[in-house]
Protein chains: 2
Amino acid sequence: MAARTDTAAEPRIPLRKERVLAAAIALADETGIESLTMRRLAHELGVEAMSLYYHVANKEEVLDGMVEVLMSEINSEVSQIEAGTDWKAVMRQRILAARQVLLRHRWAPGVIESRINMGEGVVRYFDSLLGLFRAGGFSYDLAHHALHALGSRGLGFTQELFDPADDAGDEDAMAMLEQMADQLPNLVGMMMEISHDDPDSTLGWCDDQTEFEFGLDLILDGLDRAHESA
Amino acid sequence: MAARTDTAAEPRIPLRKERVLAAAIALADETGIESLTMRRLAHELGVEAMSLYYHVANKEEVLDGMVEVLMSEINSEVSQIEAGTDWKAVMRQRILAARQVLLRHRWAPGVIESRINMGEGVVRYFDSLLGLFRAGGFSYDLAHHALHALGSRGLGFTQELFDPADDAGDEDAMAMLEQMADQLPNLVGMMMEISHDDPDSTLGWCDDQTEFEFGLDLILDGLDRAHESA
DNA sequence: ACCTGAACACCGTTCAAGT
DNA sequence: ACCTGAACACCGTTCAAGT
């Protein structure tokens, strides 16, 4: 242990904030955000926990940085979508593209929402959406309402209250539904109709992507109408 | 300290889960969810932290319970709204009533979203919304899409990405905006128009309630149209 | 310049023990 | 039946110290 150097010891590239963030993202991607601790992150980088603080002020800065890295990925992906004459079609494409990136980083929605101030990347992204509204002829006032109405959906996610597994399949949830059946006439009726129409669909009949697009189109169409009637 | 009983010692009502939850809610209301720790909660109840575990399995059960208490408040408030022939008007009233309750418990959105399974109260609430859609003539299929489209807005909240202070007023955010001005042509343009139209409005010109209702009406109107054209 | 060891002030939670 | 003390296995973070 003492005199032995590690076999083929790597030159030990010094850490950089960049490397810390990349490792943090990889760790969160693979094992979930709840297992992203400073100690674990340091371990992943082959270093003691305290070393991180030389490159980063605190854990919040790590989380801020993770969001920035991710948003720059989204922004560069989104900027490749060529602008057309139809603001709605372009915005739809951009938002669904952003969503694809977020789906690869399940920790992102929670972390983004937990930030106190929007980072530069997020601001830049919403500036681009605002630009699309403006190009489509929206007043600043309506475009402003529109951004609020989109909310996180504009970035490609909605924090689902009933998670996909809940609608069917999840045992705990189903057990509760059955137990409360008399108090939940409408939900029970809905479940029965579904299982009647398609007996095999009890598991996973809620498609996240479909529901996301339904809600998105509802809002975009509504905004379109609000704009045209203005 | 030893032989002396406390002056006018209260009979020391034994804890109950109910009292634990009430204290937890009061604590979270007053000092924020981040200061709700088992130790602090116990202290508030004049007891040691470990005593709580006699009444409650763990902290998750405390959080679950807080949501249930709150939802029963919402459900009882909402059930007082008399049903009318216009599903949209009734639903709007219910959702805005739920929102009023949530505004008194700022911790609620975050805690609700962090629950793994919806509690009974939340399920009951959404069953009632589903009932409204059905009474309005919606198919189960459309009503189901509708619930997803509403998401947390159906319960009266949206997790705002840009918090109200951000749009203007917040010094950090404004500093960033100025620094990035050239990269954010649309946001800067919007800010300029606003401050031109109403020089005093730089602070707090985003009204949460207005934005919430705008988004809500956008969705409800869209659903109404989807239903009528079906 | 970059990294570390020891230590601090917290967490949630367990378990055996008290009354 | 209800509560507690001591202890465990974690956190994030500081600070003085190493190379």
Side-chain angles (χ1 to χ4, degrees), chain A residues 1-6 9-28 30-67 107 110-111 114-116, chain B residues 1-6 9-28 30-67 107 110-111 114-116:
Chain A
M1 216 72 171
R4 267 296 247 325
T5 38
D6 292 6
E10 315 155 37
R12 196 45 139 150
I13 308 153
L15 286 183
R16 288 191 180 294
K17 188 172 176 183
E18 193 182 37
R19 274 187 66 213
V20 172
L21 298 182
I25 290 176
L27 186 56
E30 285 156 29
T31 65
I33 192 71
E34 70 286 346
S35 68
L36 174 65
T37 68
M38 296 301 271
R39 284 168 161 89
R40 177 90 192 264
L41 177 56
H43 181 79
E44 219 72 21
L45 288 159
V47 108
E48 295 301 316
M50 304 73 202
S51 309
L52 298 176
Y53 290 87
Y54 187 83
H55 304 277
V56 119
N58 47 37
K59 192 176 181 179
E60 286 297 287
E61 195 173 305
V62 174
L63 296 172
D64 285 341
M66 291 168 73
V67 173
W107 48 269
V111 174
S114 72
R115 300 305 79 207
I116 300 163
Chain B
M1 217 74 172
R4 253 322 230 323
T5 37
D6 291 10
E10 316 155 35
R12 191 55 133 145
I13 306 153
L15 287 181
R16 289 192 178 294
K17 188 172 174 182
E18 194 183 36
R19 274 186 66 213
V20 173
L21 298 181
I25 290 176
L27 186 57
E30 287 157 27
T31 65
I33 192 70
E34 71 286 347
S35 67
L36 174 66
T37 69
M38 296 301 270
R39 284 167 161 89
R40 176 91 192 263
L41 176 55
H43 181 79
E44 219 73 19
L45 288 159
V47 107
E48 295 300 317
M50 302 74 202
S51 309
L52 298 176
Y53 289 88
Y54 188 83
H55 300 91
V56 119
N58 47 38
K59 191 176 181 178
E60 286 297 287
E61 194 173 305
V62 174
L63 296 172
D64 284 340
M66 291 169 73
V67 173
W107 49 269
V111 174
S114 72
R115 299 306 79 206
I116 300 163

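Within every chain, numbering begins at 1; the chains are lettered A, B, ... in the order of the sequence lines, protein sequences first and strands thereafter.
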Below 4.0 Å: OP1/OP2 of [N] and any side-chain N or O of [X]:
X	N	answer
A:Ser51	C:dC2	no
B:His55	D:dC3	yes
A:Tyr54	C:dC3	no

Gap between atoms [atom1] and [atom2], on [X] and [N] respectively (whole Å):
X	N	atom1	atom2	result
B:Leu41	C:dT13	CG	P	12 Å
B:Met50	C:dT13	CE	P	11 Å
A:Arg39	D:dA9	CZ	P	14 Å
A:Met38	C:dC10	CE	C1'	16 Å
A:Leu36	D:dC11	CG	C1'	12 Å
A:His43	D:dC10	NE2	C1'	16 Å
A:Glu48	D:dG12	CD	P	14 Å
B:Arg19	D:dC3	CZ	C1'	13 Å

Worksheet entry | Closest heavy-atom pair and its distance - B:Leu52, B:Met38 | CD1-O, 3.2 Å

Rounded to the nearest 0.5 Å, how far apart are [atom1] of [X] and [atom2] of [Y]?
X	Y	atom1	atom2	result
B:Met66	B:Ile25	CE	CD1	5.5 Å
A:His55	A:Glu18	NE2	CD	12.5 Å
A:His43	A:Leu45	NE2	CG	10.5 Å

Worksheet, complete the sentence: The residue, A:Ala57 or A:Arg40, whose nearest nucleotide of DNA chain D is more 5′ is A:Arg40

Practice prompt. Can you figure out which of C:dG12, D:dC11, D:dT13 approaches the side chain of B:Thr37 most closely?
Written response: C:dG12

Worksheet item: In terms of the nearest nucleotide of DNA chain C, which residue is placed more toward the 5' end: B:Glu60 or A:Leu52?
Response: A:Leu52

Discussion item. So that I can tick it off, tell me whether B:Glu48 and B:Arg39 are bridged by a salt bridge, with the cut-off set at under 4.0 angstrom between side-chain N and carboxylate O.
Written reply: no

Practice prompt. Quick one: the dot-bracket string of DNA chain D, using Watson-Crick and G-U wobble pairs with both distances under 3.5 Å, [ ] for crossing pairs and | for bases paired to another strand.
Written response: ||.|||||...|||||.||

Discussion item. Given 3.5 Å as the limit, does a donor-acceptor pair link the side chain of B:Thr31 with the main chain of B:Leu27, or not?
Written reply: yes

Worksheet item: Is a donor on one side and an acceptor on the other found under 3.5 Å between the side chain of B:Lys17 and the backbone of B:Gly65?
Response: no

